[in-house]
Amino acid sequence: MSEIQDRIQLHPSWKSRIGGEFEQEYMQKLRQFLIREKQAGKIIYPEGKNIFNAMNLLPFEQVKVVIIGQDPYHGPGQAHGLCFSVLPGVAPPPSLKNIFKEIQDDLGIAPANHGCLISWAQQGVLLLNSVLTVEMGRPGSHQGKGWERFTDAIIGALCQEHSGLVFFLWGSYAQKKGALIDQKRHLLLSSAHPSPLSAHRGFFGNRHFSKANDYLQSHSQTPIQWELPVCKAGNNGGENGGWPS
């Protein structure tokens, strides 16, 4: 393993499969871009230690469901490396509130009083944004810098080595990843995005959460408990990530 890969604090199960991406020119350019942005005084979310939280909380072999977001929340204290999730004590953003509403309509589970989705990750749900960083107050600001290729590699590795995964593709941006997924081996669930701007155009009523559990059970997998437990404030669920330094 190279010196570059040694510096990356990424769960070994992921590093053995996608660690080589850090050697590629596009990732080196992305790292330099992030360093320059920080040197220019720009605030980047999530913190460096949390950039790879989605993978560090969930070993490769344990993935059962993949929820693909766009890019991290861009407000202070929101992003912690899991798409759609915020830590306890942070108000759930509108898209997450709509996700909770759909879960209630689909499964009868009342919305939690927090927006921390770590328990989903611990059960096998990979909460993966297509782009893993963002500048404060500027949604989409790090698109086209290389993250999309990196997350393509993540999805490619999952599709190649796993069978019977469930992919949630909400909105046109996430649905671009659908081209990477073999629908003969995996279940692909697409709908509108849960954003207030689009949720009424097909997200509400998609019943993706019950469909996912039905599929997992039909493939002899334990279904996901979508109801969130009480989460203690301040537990970010991950200490690794650390990129760039």
Side-chain angles (χ1 to χ4, degrees), residues 9-11 13-14 45-47 49-70 72-73 75 77-129 132 151 154-155 158 162 164-170 174 187 189 193-194 203 206-217 219-241:
Q9 297 181 48
L10 183 64
H11 192 282
S13 66
W14 289 98
Y45 296 132
E47 292 183 67
K49 67 179 182 179
N50 290 330
I51 290 175
F52 302 119
N53 243 3
M55 281 76 72
N56 286 329
L57 286 171
L58 177 59
F60 180 92
E61 296 85 358
Q62 296 177 21
V63 176
K64 297 192 290 188
V65 177
V66 183
I67 300 179
I68 300 177
Q70 188 161 328
Y73 293 129
Q78 292 182 311
H80 67 113
L82 306 181
C83 72
F84 296 108
S85 180
V86 292
L87 292 174
V90 179
S95 292
L96 184 53
K97 288 182 179 179
N98 285 339
I99 290 171
F100 289 160
K101 183 179 185 301
E102 175 57 26
I103 291 175
Q104 184 171 26
D105 292 344
D106 186 10
L107 297 171
I109 296 171
N113 61 357
H114 63 83
C116 181
L117 306 182
I118 286 174
S119 69
W120 293 1
Q122 292 170 334
Q123 296 177 74
V125 181
L126 182 67
L127 294 157
L128 181 69
N129 277 312
L132 300 188
T151 52
I154 291 171
I155 293 170
L158 287 168
H162 282 271
L165 295 178
V166 182
F167 289 85
F168 291 3
L169 306 182
W170 297 332
L187 177 63
L189 298 174
H193 193 274
F203 177 79
N206 65 24
R207 300 185 62 83
H208 282 180
F209 300 95
S210 61
K211 289 176 181 177
N213 277 352
D214 289 346
Y215 181 84
L216 291 173
Q217 289 181 296
H219 286 73
S220 302
Q221 294 264 34
T222 304
I224 304 299
Q225 174 54 261
W226 297 109
E227 185 172 7
L228 299 179
V230 174
C231 220
K232 294 180 181 179
N235 174 21
N236 70 8
E239 298 177 352
N240 296 323

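All values reported here derive from a predicted model rather than from experimental measurement.
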Check [X] against [Y] and note the closest heavy-atom contact, atom names and distance.
{"X": "Leu158", "Y": "Trp14", "result": "CD2-CH2, 3.9 Å"}
{"X": "Val166", "Y": "Ala212", "result": "CG1-CB, 3.9 Å"}
{"X": "Leu117", "Y": "Ser85", "result": "N-OG, 2.9 Å"}
{"X": "Gln104", "Y": "Ala110", "result": "NE2-CA, 4.0 Å"}
{"X": "Leu107", "Y": "Ser210", "result": "CD2-CB, 3.7 Å"}
{"X": "Gly81", "Y": "Asn53", "result": "CA-CB, 3.9 Å"}

Look only at the side chain of [X] and the backbone of [Y], and say whether a donor-acceptor pair between them is shorter than 3.5 Å.
{"X": "Gln70", "Y": "Asn129", "answer": "no"}
{"X": "Asn98", "Y": "Pro194", "answer": "yes"}
{"X": "His162", "Y": "Phe60", "answer": "yes"}
{"X": "Gln123", "Y": "Gln225", "answer": "yes"}
{"X": "His208", "Y": "Ile103", "answer": "no"}
{"X": "Lys97", "Y": "Pro111", "answer": "no"}
{"X": "His219", "Y": "Gln221", "answer": "no"}

State which residue, out of Pro72, Pro46, Pro92, Pro93, fulfils the side chain to side chain contact (heavy atoms under 4.5 Å, CB included) condition with Gln78.
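Among Pro72, Pro46, Pro92, Pro93, the one meeting side chain to side chain contact (heavy atoms under 4.5 Å, CB included) with Gln78 is Pro93.
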When rounded to the nearest 0.5 angstrom, what distance separates [atom1] in [X] from [atom2] in [Y]?
{"X": "Glu102", "Y": "Trp226", "atom1": "CD", "atom2": "CH2", "result": "11.5 Å"}
{"X": "Leu82", "Y": "Asn56", "atom1": "CG", "atom2": "CG", "result": "10.5 Å"}
{"X": "Ile67", "Y": "Ile99", "atom1": "CD1", "atom2": "CD1", "result": "6.5 Å"}
{"X": "Leu58", "Y": "His11", "atom1": "CG", "atom2": "NE2", "result": "8.5 Å"}
{"X": "Ile51", "Y": "Leu10", "atom1": "CD1", "atom2": "CG", "result": "11.5 Å"}
{"X": "Phe168", "Y": "Leu187", "atom1": "CZ", "atom2": "CG", "result": "8.0 Å"}

Criterion side chain to side chain contact (heavy atoms under 4.5 Å, CB included) on Val66 and Ile154, from CA distance to verdict:
CA-CA 11 Å; Val66 183; Ile154 291 171; over 6 Å; no
Assess whether side chain to side chain contact (heavy atoms under 4.5 Å, CB included) is satisfied between Leu216 and Val65, documenting all intermediate values.
CA-CA 9 Å; Leu216 291 173; Val65 177; 3.9 Å; yes
Could you check Leu165 against Leu126 for side chain to side chain contact (heavy atoms under 4.5 Å, CB included), going step by step and ending with a plain yes or no?
CA-CA 11 Å; Leu165 295 178; Leu126 182 67; over 6 Å; no
Looking at side-chain heavy atoms only, is the closest gap between Leu128 and Ile155 below 4.5 Å?
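SC-SC contact between Leu128 and Ile155 confirmed.
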Might you confirm whether atom NZ of Lys211 has over 12 heavy atoms from other residues, nucleotides or ligands at distances under 6.0 Å?
yes
List the steps, then state whether side chain to side chain contact (heavy atoms under 4.5 Å, CB included) holds for Trp170 with Asn206.
CA-CA 10 Å; Trp170 297 332; Asn206 65 24; 4.0 Å; yes
Hey, would you say the Trp120 and Phe84 ring centroids sit under 6.0 Å apart?
no
